[in-house]
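Below is one structure, written out as structure tokens; the observations come after it.
Per chain, numbering begins at 1; letters A, B, ... match sequence-line order. All values derive from a computational prediction rather than experimental measurement.
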Amino acid sequence: MKYWLMKSEPDVYSWSKLVAEKRGKWDGVRNHTAKLNLKAMRVGDRAFFYHSNIGKEIVGTMTVVREAYPDTSAEKGEWFMVDVEPLEAAKTALPLAEIRAIPELKDMMLVNNSRLSVQPVTAAEWKAVCRRLGVAA
DNA sequence: GCCAACGTTGGC
DNA sequence: GCCAACGTTGGC
């Protein structure tokens, strides 16, 4: 099983929206590196939901329920989307500023390449973040 | 195929 | 609202 972090601006698509829908379509990714990460996802992989711009914090965990298929929102080009389901809401959201301050998380891509919207997370990072969120790893 | 100019993302 | 970092576009 692999671990990921996926970003969304909450006024576009938020954690609460995903929870309300129970199953969400992660579309709109228009970056090739992010696309490669989407295509590498397998059913059962875990992902953090990160609110960019507003909040700037990790708010919950998700699982991948459908692997990459053509993004229906793309007008041109070959883009992909996956389906996800929420697993657990963070008891305490973990803000970017705190992530930066935690030594074992300072190498997260979120810290060093904040613009990549779909990024891999190591098993160690997954565990450390889950502990801080107060959710099962 | 290089690189300058421009646009976008996203933290501050 | 500003600006740095990164991607993309387009002229050569």
Side-chain angles (χ1 to χ4, degrees):
Chain A
M1 175 168 42
K2 290 207 181 71
Y3 304 100
W4 309 94
L5 181 142
M6 302 167 85
K7 301 194 301 184
S8 177
E9 298 186 24
D11 51 356
V12 176
Y13 189 76
S14 67
W15 170 259
S16 56
K17 181 91 184 295
L18 173 62
V19 169
E21 288 182 343
K22 295 198 173 67
R23 175 181 176 126
K25 295 183 181 307
W26 207 277
D27 63 4
V29 171
R30 298 291 182 273
N31 168 286
H32 292 288
T33 306
K35 178 179 82 173
L36 289 177
N37 288 332
L38 277 180
K39 294 185 78 172
M41 289 183 181
R42 294 295 169 258
V43 168
D45 280 1
R46 304 293 171 86
F48 291 125
F49 195 130
Y50 177 79
H51 279 172
S52 61
N53 258 313
I54 302 167
K56 282 163 283 185
E57 56 193 8
I58 297 175
V59 292
T61 57
M62 313 181 271
T63 189
V64 176
V65 293
R66 182 174 174 188
E67 291 171 16
Y69 60 103
D71 186 334
T72 49
S73 73
E75 287 174 12
K76 51 172 287 193
E78 275 207 47
W79 299 105
F80 292 85
M81 60 202 271
V82 297
D83 289 357
V84 294
E85 284 180 5
L87 276 180
E88 204 173 346
K91 296 199 173 44
T92 321
L94 182 60
L96 179 61
E98 275 183 45
I99 294 173
R100 287 185 188 281
I102 297 167
E104 55 190 328
L105 298 180
K106 69 170 176 27
D107 291 328
M108 284 188 74
M109 295 197 68
L110 189 63
V111 173
N112 301 303
N113 184 4
S114 61
R115 292 192 50 185
L116 185 59
S117 60
V118 180
Q119 49 185 260
V121 169
T122 69
E125 289 162 353
W126 180 266
K127 240 182 126 178
V129 171
C130 283
R131 191 168 349 115
R132 262 121 184 148
L133 296 177
V135 304

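- Under the side-chain hydrogen bond (donor to acceptor under 3.5 Å, both in side chains) criterion, the residue pairs touching residues 112-126 of chain A are A:Thr122-A:Glu125, with sequence neighbours excluded.
- Atom CZ of A:Arg132 is separated from atom CD of A:Glu104 by 5.0 Å, given to the nearest 0.5 angstrom.
- Follow the hydrophobic side-chain contacts under 4.5 Å out from A:Val84 and you reach A:Trp15 in the same cluster.
- A:Leu96 comes within contact range of the sugar-phosphate backbone alone, with a heavy-atom separation under 4.0 Å but no base atom that close.
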Report all side-chain donor-acceptor pairs from residues 37-49 of chain A shorter than 3.5 Å, counting only partners two or more places apart or in another chain.
{"unit_1": "A:Asn37", "atom_1": "ND2", "unit_2": "A:Val118", "atom_2": "O", "d": "2.6"}
{"unit_1": "A:Arg42", "atom_1": "NH1", "unit_2": "A:Lys39", "atom_2": "O", "d": "3.1"}
{"unit_1": "A:Asp45", "atom_1": "OD1", "unit_2": "A:Lys2", "atom_2": "N", "d": "3.0"}
{"unit_1": "A:Asp45", "atom_1": "OD2", "unit_2": "A:Trp4", "atom_2": "NE1", "d": "3.1"}
{"unit_1": "A:Asp45", "atom_1": "OD2", "unit_2": "A:Arg42", "atom_2": "N", "d": "3.1"}

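- For DNA chain C, the outermost nucleotides in 5' to 3' order that have an atom under 4.0 Å from a heavy atom of chain A are C:dA5 to C:dT8.
- At the heavy-atom level, A:Arg30 lies nowhere under 4.0 Å from the strands shown.
- In this structure, CD1 on A:Ile58 lies 12.5 Å from OG1 on A:Thr92, to the nearest 0.5 angstrom.
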